[in-house]
Amino acid sequence: MKIGIPRETTSEERRVAVVPRTVERLRKMGFDVLVETGAGAQADCSDAKYLEAGGTICDTATDVYAQADVVLKVNPPTSSEIALISRGAILLSLIWPASNEELVAELAARGVTTIAMDCVPRISRAQKLDVLSALANIAGYRAIIEAANRFGRFFSGQMTAAGRVEPAKVLVIGGGVAGLAAMTTARGLGAIVRGFDTRLAVKEQVESLGADFLVLDFEESGEGEGGYAKVMSEAFLEAEMKLFAEQAFEVDIIITTAMIPGRDAPVLITSGMVETMKEGSVIVDLAAERGGNCALTEKGKIVEHHGVSIIGYTDLPARMPALSSRLYGNALAAMLDELGGAESLTIDLDNEIVRGSLITHDAAVTWPPPKPEEPSIAPDYSKDFGKRPEPADEATSPAASKRMIEGLSTIVGCIAVVLLLLVIGLWAPASFATHFTVFVLACFVGWQVVWSVSPALHTPLMSVTNAISGIIILGGLLHLSAGSTLGAVVLGAIAVFFATINIAGGFMVTRRMLAMFRR
């Protein structure tokens with residue numbers, strides 16, 4: 001089965017769907033990869049690198065489309081490109097079906113099976129396919145870089161012989177992936193960072209990055225479907241705008257990321273707010289594609305107003321083409337793996353990832369996907385005055401049988417333990433019985449202590465377990481040095497061996513956890 005990688009035709013696009021290292025991965029999955037000449041030139045991916053990775057270079061896009069069973073693209077195809085796609089072929093690309101209805105209809109009429117990478121369901125199992133988060137992360141980082149390029153001062157405060165430089169103050173509106181990436185980058189450059197989001201659930205994430213979270217005295221939450229923000233009430237919006245007006249007086253840089261699915265971006269920064277900002281300030285509007293969060297934003301341009309630069313770039317991920325292409329290509333490879341790879345590539349409508357991102361199939365439009373059924377919730381009888389009705393056959397149900405077996409197993413286990421203790425007490429030496437009793441009590445107490453700890457504290461708990469294991473090693477060494485009996489030596493060696501494994505494993509896991517927080 002052949003995969004085709006055509007060159008992107010959009011003038012400002014520098015990315016490519018697949019980089020050479022992804023070609024190697026696709027080859028291992030059983031695919032032959034066809035790449036149009038020059039497709040990755042602007043992403044530092046030459047034709048020679050594709051050839052070295054096992055790809056085949058085609059002279060024209062027509063050659064790629066004519067031979068490809070699967071086409072991988074970054075941007076939605078144009079009408080002329082759709083006409084080149086073979087009937088029955090599979091297209092993986094960004095599609096934006098909600099705003100490209102005519103394009104979707106053309107793809108269906110052509111008989112193309114279309115999978116939109118921007119429609120991958122946001123579930124845990126699909127995180128490796130989430131290109132929107134990956135690209136938003138790059139956009140947030142790049143927004144700070146673009147702001148720093150236009151800003152006339154350091155981000156960090158400095159005390160120099162020539163005078164003091166105040167740290168820059170940055171306001172990030174929106175606590176999604178892009179907003180959090182912008183906060184992280186601004187903090188890394190030494191700025192004073194403030195964050196705002198209508199979803200109060202974002203507060204802890206913002207504060208964990210070292211930024212100050214701005215809170216409105218409102219009980220209304222902006223949490224919408226799928227983790228996105230929702231439309232707020234008029235009273236909330238009025239208080240929100242008042243907050244932004246106050247912040248505009250103080251901050252030097254504003255990054256806006258607020259968008260609501262299916263709607264134009266809300267205007268959060270008015271022209272009056274811009275005029276109150278200090279000369280040399282910068283606004284980077286990441287919502288410029290959907291009209292912008294600033295009233296003065298112009299799509300794809302930089303606007304100067306009262307000494308304030310308003311950046312409305314819509315190609316921020318494409319300004320880091322090598323990284324964007326690599327992350328996007330990884331998601332495409334993961335989707336092809338989800339489809340079954342070259343050996344058994346199928347469109348499984350029962351696969352929630354595939355069905356959620358399927359736009360056209362069998363010459364029909366399949367988007368939007370059907371909503372998943374809501375889980376049934378058992379009625380709450382606790383508030384009723386009468387008793388909860390019991391089913392007539394509950395005594396013979398599988399659940400009742402399982403409970404009965406579990407109860408019998410517990411009873412049998414308790415009897416076995418009692419008999420074992422009785423045998424030890426009657427025939428074992430007094431010293432062994434004493435040590436065994438302490439051992440049993442230690443196991444019981446240790447089990448209760450460890451299993452009662454919240455999972456969030458398991459990593460700090462490792463330091464405690466390492467200390468306990470150290471005590472065990474000392475005890476084992478004492479038994480080894482005493483060497484009174486063969487049993488004592490064997491037990492001492494076993495204790496030292498397993499305690500050493502526990503300590504080494506604890507230090508390794510702790511080291512990996514600490515490495516996640518190092519720069």
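Every heavy atom of this structure was used, including side-chain atoms; hydrogens, water molecules and symmetry mates were not.
A salt bridge links Lys278 and Asp252; the closest N-O separation between the charged side-chain nitrogens and carboxylate oxygens is under 4.0 Å. Using a 4.0 Å cut-off between charged side-chain N and carboxylate O, Glu146 and Arg142 make a salt bridge. Checked for salt-bridge contact, Arg150 and Glu304 meet the test: a charged N lies under 4.0 Å from a carboxylate O. Remark: Glu8 does not engage Arg15 in a salt bridge, criterion side-chain N to carboxylate O under 4.0 Å. Remark: Asp197 does not engage Lys203 in a salt bridge, criterion side-chain N to carboxylate O under 4.0 Å. Here Asp348 does not pair with Arg355 in a salt bridge; the nearest charged N to carboxylate O distance is not below 4.0 Å. Using a cutoff of 4.0 Å between basic side-chain nitrogens and carboxylate oxygens, Arg7 and Glu13 are not scored as salt-bridged. A salt bridge between Glu240 and Lys242 is absent, with no side-chain N of the basic residue lying under 4.0 Å from a carboxylate O of the acidic one.
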side-chain contact (heavy atoms from CB on, under 4.5 Å) between Ile311 and Ile283, worked out:
CA-CA 6 Å; Ile311 301 175; Ile283 298 174; over 6 Å; no
Q: Decide yes or no on side-chain contact (heavy atoms from CB on, under 4.5 Å) for Tyr328 and Leu94, but give the supporting numbers first.
A: CA-CA 10 Å; Tyr328 184 72; Leu94 298 174; 4.0 Å; yes
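Partners of Tyr141 according to the ring pair (Phe, Tyr, Trp, His ring centres under 6.0 Å) rule, which considers only residues two or more places apart in sequence or in another chain, do not exist here.
Expressed to the nearest 0.5 Å, how far CZ of Arg319 lies from CG of Asp315 amounts to 4.5 Å. Note that OH of Tyr313 is 13.5 Å distant from CG of Asp285, once rounded to the nearest 0.5 Å.
Residues Leu26 and Ile3 are in side-chain contact: their nearest non-hydrogen atoms beyond the backbone lie under 4.5 Å apart. Here the side chains of Leu92 and Met335 are in contact, with some heavy-atom distance below 4.5 Å.
Here the shortest heavy-atom pairing between Thr297 and Gly312 reads CG2-CA, 4.0 Å.
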